[in-house]
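What follows is a set of notes on a single structure, which appears directly below.
The first residue of the sequence shown is numbered 1, and numbering continues consecutively from there. If you're wondering where the values come from, they're calculated on a predicted model, not measured in any experiment.
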Amino acid sequence: MACRQFWASRAASYLRVSLFNRTFSAVIKDLKYCDSHEWVKVDGKSATIGITDHAQDHLGDVVYVELPEVGKGVTQGESFGAVESVKATSDINSPVSGKVVEVNEELNSSPGLVNSSPYKDGWIIKVEVSDSGELNNLMDSEQYSKFCEEEDSKH
């Protein structure tokens with residue numbers, strides 16, 4: 001593999017073309033992130049939760065999203081649902097504790113929104129946050145970017 005990349009770099013240099021290593025997926029500045037690749041956007045006591053672009057990229061095409069019931073309690077770091085893709089099924093962990101106040105019903109008929117728009121249309125649940133201090137346990141965008149780079153370099 002290293003030899004192939006060296007050859008590609010030499011060829012790119014000869015052809016005066018830039019060769020970039022594959023970068024990982026998009027990270028949004030105003031969000032907080034878990035090491036299990038969920039994001040949370042907090043607005044007062046309301047939090048919107050989804051999986052990151054990095055996670056959906058590694059999962060592949062999402063074919064089903066298991067959603068919790070409205071009113072269910074969620075706990076930081078614990079599973080509240082699952083995402084099933086063509087490659088695997090993965091738990092979705094909550095970045096914050098609280099009560100589910102809304103689920104993205106659109107995912108029942110269009111689970112691919114998690115792939116095409118993970119930070120906008122592909123959100124999974126909205127939660128009424130019970131302890132905003134838990135946000136201090138999460139990564140900001142810069143920390144999460146570094147975390148993903150380190151994680152990807154191990155594979």
Where do [X] and [Y] come nearest, in terms of heavy atoms and distance?
{"X": "V62", "Y": "P111", "answer": "CG1-O, 3.7 Å"}
{"X": "V96", "Y": "A47", "answer": "CG2-CB, 4.2 Å"}
{"X": "N115", "Y": "G60", "answer": "ND2-O, 2.9 Å"}

Assess whether atom [atom1] of [X] is packed by more than 12 heavy atoms of other residues, nucleotides or ligands within 6.0 Å.
{"X": "K126", "atom1": "NZ", "value": "yes"}
{"X": "D43", "atom1": "CG", "value": "no"}
{"X": "K120", "atom1": "NZ", "value": "no"}

Please check this pair: side chain of [X] against backbone of [Y], looking for a donor-acceptor N/O pair closer than 3.5 Å.
{"X": "W39", "Y": "Y33", "result": "no"}
{"X": "N104", "Y": "D121", "result": "yes"}
{"X": "D131", "Y": "G133", "result": "yes"}
{"X": "Y119", "Y": "D53", "result": "yes"}
{"X": "S145", "Y": "S141", "result": "yes"}

Review point. Hey, is K146 close enough to E150 for a salt bridge, meaning N to O under 4.0 Å?
Key: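 A salt bridge is present here (some side-chain N lies under 4.0 Å from a carboxylate O).
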Taking C-beta and beyond as the side chain, do [X] and [Y] meet within less than 4.5 Å on heavy atoms?
{"X": "I92", "Y": "E38", "result": "yes"}
{"X": "E102", "Y": "W123", "result": "yes"}
{"X": "S132", "Y": "V42", "result": "no"}
{"X": "V40", "Y": "I49", "result": "yes"}
{"X": "T75", "Y": "F80", "result": "no"}

Check your understanding: Angle class for the H37/Y144 ring planes (parallel below 30°, perpendicular above 60°, tilted otherwise)?
Key ->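 If you compare the ring of H37 with that of Y144, the planes turn out perpendicular.
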Review point. If we ignore angles and hydrogens, is there a donor and acceptor under 3.5 Å between the side chains of E134 and N137?
Key: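 E134 vs N137: no donor-acceptor pair found between side chains.
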Practice item. Show your reasoning for whether side chain to side chain contact (heavy atoms under 4.5 Å, CB included) applies to T52 and V27. Key: CA-CA 8 Å; T52 65; V27 175; over 6 Å; no
Check your understanding: Do E69 and V100 pass the side chain to side chain contact (heavy atoms under 4.5 Å, CB included) test, and can you show the C-alpha distance, the side-chain angles, and the key distance before you say yes or no?
Key -> CA-CA 7 Å; E69 296 291 322; V100 177; over 6 Å; no
Check your understanding: What do the steps show when you test D152 against H54 for side chain to side chain contact (heavy atoms under 4.5 Å, CB included), and what is the final call?
Key -> CA-CA 10 Å; D152 284 351; H54 185 77; 3.1 Å; yes
Check your understanding: Among S97, S94, P68, S130, which one satisfies side chain to side chain contact (heavy atoms under 4.5 Å, CB included) with V74?
Key ->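 Going through S97, S94, P68, S130 one by one, the side chain to side chain contact (heavy atoms under 4.5 Å, CB included) with V74 is satisfied by S94 alone.
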Review point. Please walk me through it: do E66 and T89 pass side chain to side chain contact (heavy atoms under 4.5 Å, CB included)?
Key: CA-CA 10 Å; E66 178 187 320; T89 299; over 6 Å; no
